[in-house]
Amino acid sequence: MTVLFPLRTQSSQGIRALNKPITILWLIGQYYHNRKTEFTFNEVEPILSDIIKDFTGAPNIVDPFWRLKNDGILSFPNENKIRINKSGGVSIVDLREYGIAGFSNDFLKYIQNYENLVLYCETILDTYFAGSMEEEILFRVALDYRSSGDKTVAIKRRKRDPKFRELVATAYNYQCAICGFHLMLGGSSIANEAAHIKWHSYRGPDTVSNGLLLCNLHHKLFDRGVFTFSKEYKMNLSDKVSSHSEGFKRWLIEYNEKPLLLPRKTDWVPSEDYLQWHRMNVYLG
Ligand SMILES: [Zn+2]
């Protein structure tokens, strides 16, 4: 089935291209719960900036809001009062003054069908987000039933490839490549996950050299760009995170600048290409 209204994002830039997908999911969440079809920039700005900042480290709400017009999703009734610059962008001043936007008729017609709405949200998740982020993003945009208290919300998280998980788990001897965590319960390993270094949503392959076995905590933080790895496989912790907690020291500071626990076979070690993608596109710096 073809999904209508694909988003035009500027480049395949991991975490930094998430502004628009987060914006559209949030708008759909508002429509789903409150049947809201029109939004002023002033009401959207503080809430969405917070969510976007939490996921990408650098909030830019002007561009994603305005540029949803180019995807046929939003239309701006006061468009003629908004000054457009050479690169097609607009100023925050104009959006604060004239930025009222409504879903375009076509898009509204499309998401009024509940199956389309679900399919659209699932496609956005699949196309842009790392698997470990899906639960949290749905929670933040009120599209899961935990946050909305509405059991009818049925946006599903993607099914993982069990073969990839097994290959990576074996290569890493069922231990987190950072902290060495390993736990068996009734013959199966729990709480460790196969992370894609280059995200699946950006065509990162299901190969061991694009994988890392990480415990739940390290997986989530790796996908959020809290740390990355150098060419020498040493952890670089971002300056953008801080905490006074003992856990921060124990689970992150402790491993900073330390090498990964790599698999024995050279074919299995992370490929520099994928690590470089992570450093450029996900790492918060
Ligand atoms: Zn770990």
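Just the heavy atoms: all of them, side chains too, but no hydrogens, waters or symmetry mates, feed the values below. Both ligands and their constituent atoms are indexed starting at 1 by order of listing.
Ring geometry for Y32 versus Y114: interplanar angle of 30 to 60°, hence tilted.
Computed with the Zn ion (ligand 1) at the centre, the C215 SG to C176 SG angle is 110°, stated to 10 degrees.
Listed here is the closest heavy atom pair of Y255 and C179: OH-CB, 3.3 Å.
Residues F229 and L212 form a side-chain contact, since some pair of their non-hydrogen atoms from C-beta on lies under 4.5 Å apart.
Among N60, D71, D63, the single residue meeting the side chain to side chain donor-acceptor pair (under 3.5 Å) criterion with K20 is D71.
Per residue H218, closest N, O or S atom to the Zn ion (ligand 1): atom name ND1.
Residue contacts to the Zn ion (ligand 1): C179 brings an N, O or S atom closer than 2.8 Å.
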